[in-house]
Amino acid sequence: MRYLDARIFSVHATLTQLVCIGALRGLKDTKTILYATVIANALNCCLDCLFIFKFGWGVSGAAASSTISTTLSCALLLGSLLRSRQVAPRDFFPPPKLREATPVLSAGVALSMKS
């Protein structure tokens with residue numbers, strides 16, 4: 001439970017990260033995904049050692065390091081999309097209307113059912 005209590009803070013970052021990965025894959029930019037993943041995982045390893053062994057936080061330290069590295073990865077990927085002007089801040093608000101999102105949601109449901 002301590003792990004989940006600490007990881008809950010990265011739920012939004014994790015979902016945004018998945019969307020960014022999908023957008024970058026659609027743009028055929030897998031290098032950015034690779035770089036962000038390597039940086040985030042390296043940070044996670046360093047923070048794991050620091051939080052678990054140096055500070056003695058145990059499972060909570062592992063969760064904190066994962067939360068921080070996930071948030072960093074999300075920021076790197078989103079920043080890349082914003083810098084390349086493939087996405088603009090105005091694209092996020094307002095959210096699409098249900099009738100506009102229905103075709104995408106239908107395809108998502110079909111893919112999820114298949115998986």
Side-chain angles (χ1 to χ4, degrees):
M1 282 308 295
R2 287 186 300 164
Y3 183 83
L4 293 176
D5 287 343
R7 286 292 287 160
I8 194 72
F9 294 109
S10 67
V11 168
H12 293 89
T14 302
L15 294 175
T16 304
Q17 177 188 23
L18 291 172
V19 170
C20 290
I21 288 171
L24 287 166
R25 281 186 179 172
L27 296 168
K28 297 183 177 21
D29 181 7
T30 54
K31 284 184 183 178
T32 303
I33 299 167
L34 175 65
Y35 296 148
T37 302
V38 168
I39 291 168
N41 284 328
L43 177 67
N44 190 22
C45 289
C46 293
L47 291 178
D48 271 340
C49 292
L50 182 69
F51 293 164
I52 295 170
F53 302 118
K54 179 77 171 161
F55 297 156
W57 292 356
V59 171
S60 297
S65 68
S66 295
T67 298
I68 292 168
S69 63
T70 299
T71 304
L72 172 70
S73 176
C74 173
L76 291 172
L77 294 171
L78 188 56
S80 172
L81 285 170
L82 291 170
R83 268 192 315 281
S84 68
R85 300 196 190 278
Q86 296 292 333
V87 174
R90 70 178 181 284
D91 295 334
F92 297 107
F93 301 103
K97 295 183 178 25
L98 183 59
R99 64 179 167 74
E100 297 170 342
T102 301
V104 176
L105 293 173
S106 299
V109 168
L111 288 171
S112 295
M113 296 291 281
K114 180 181 134 192
S115 296

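We use all heavy atoms of the structure for the numbers below, so side chains are in, but hydrogens, waters and symmetry mates are not. Being a predicted model, the structure only gives us computed values, none of them experimental.
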- Counting heavy atoms not belonging to F9, are there more than 12 under 6.0 Å from its CZ? no
- Where L81 and A23 come nearest, the two heavy atoms and their spacing: CD1-CB, 4.0 Å
- Query: Is L50 linked to L43 within one hydrophobic cluster, defined over Ile, Leu, Val, Met, Phe, Trp and Tyr using a side-chain heavy-atom separation of less than 4.5 Å?
  - Reply: yes
- Between atom SG of C20 and atom CG of L24, what is the distance when rounded to the nearest 0.5 Å? 6.5 Å
- Query: How long is the span from the CG atom in N44 to the CG atom in L72, to the nearest 0.5 Å?
  - Reply: 10.5 Å
- Item | Results of side-chain hydrogen bond (donor to acceptor under 3.5 Å, both in side chains) for T32 - residues two or more places apart only | D29
- Message: Let me confirm one number: the OG-CG distance from S69 to D48, rounded to the nearest 0.5 Å.
- Response: 8.0 Å
- Message: For residues I21 and L78: do they belong to one hydrophobic cluster (side chain heavy atoms under 4.5 Å, members Ile, Leu, Val, Met, Phe, Trp, Tyr)?
- Response: yes
- Measure the OG1-NE2 distance between T70 and H12 for me, rounded to the nearest 0.5 Å. 14.0 Å
- Would a 4.5 Å heavy-atom cut-off, applied to side chains only, mark S73 and L77 as touching? yes
- Rounded to the nearest 0.5 Å, how far does CG of L82 lie from CZ of F92? 5.5 Å
- Query: Linking I/L/V/M/F/W/Y whenever any side-chain heavy atoms sit under 4.5 Å apart, do F93 and V87 land together?
  - Reply: yes
- Query: Would you say the side-chain atoms of T67 pair up with the backbone N or O of A6, donor to acceptor, closer than 3.5 Å?
  - Reply: yes
- Item | Heavy atoms from other residues, nucleotides or ligands near CG of L18 exceed 12 (cutoff 6.0 Å) | yes
- Judged by atom type as modelled, is there a donor-acceptor pair below 3.5 Å linking the side chain of R7 to the main-chain atoms of S66? yes
- Under a 4.5 Å side-chain heavy-atom rule over Ile, Leu, Val, Met, Phe, Trp and Tyr, are L4 and V59 clustered together? yes
- Query: Transitively linked via ILVMFWY side-chain contacts under 4.5 Å: I68 with I52?
  - Reply: no
- For the side chain of S80 and the backbone of L76, is there at least one donor-acceptor N/O pair under 3.5 Å apart? no
- Task: Report the relative orientation of the aromatic rings in F51 and F55; use parallel for angles under 30°, tilted for 30 to 60°, perpendicular for over 60°.
- Result: parallel
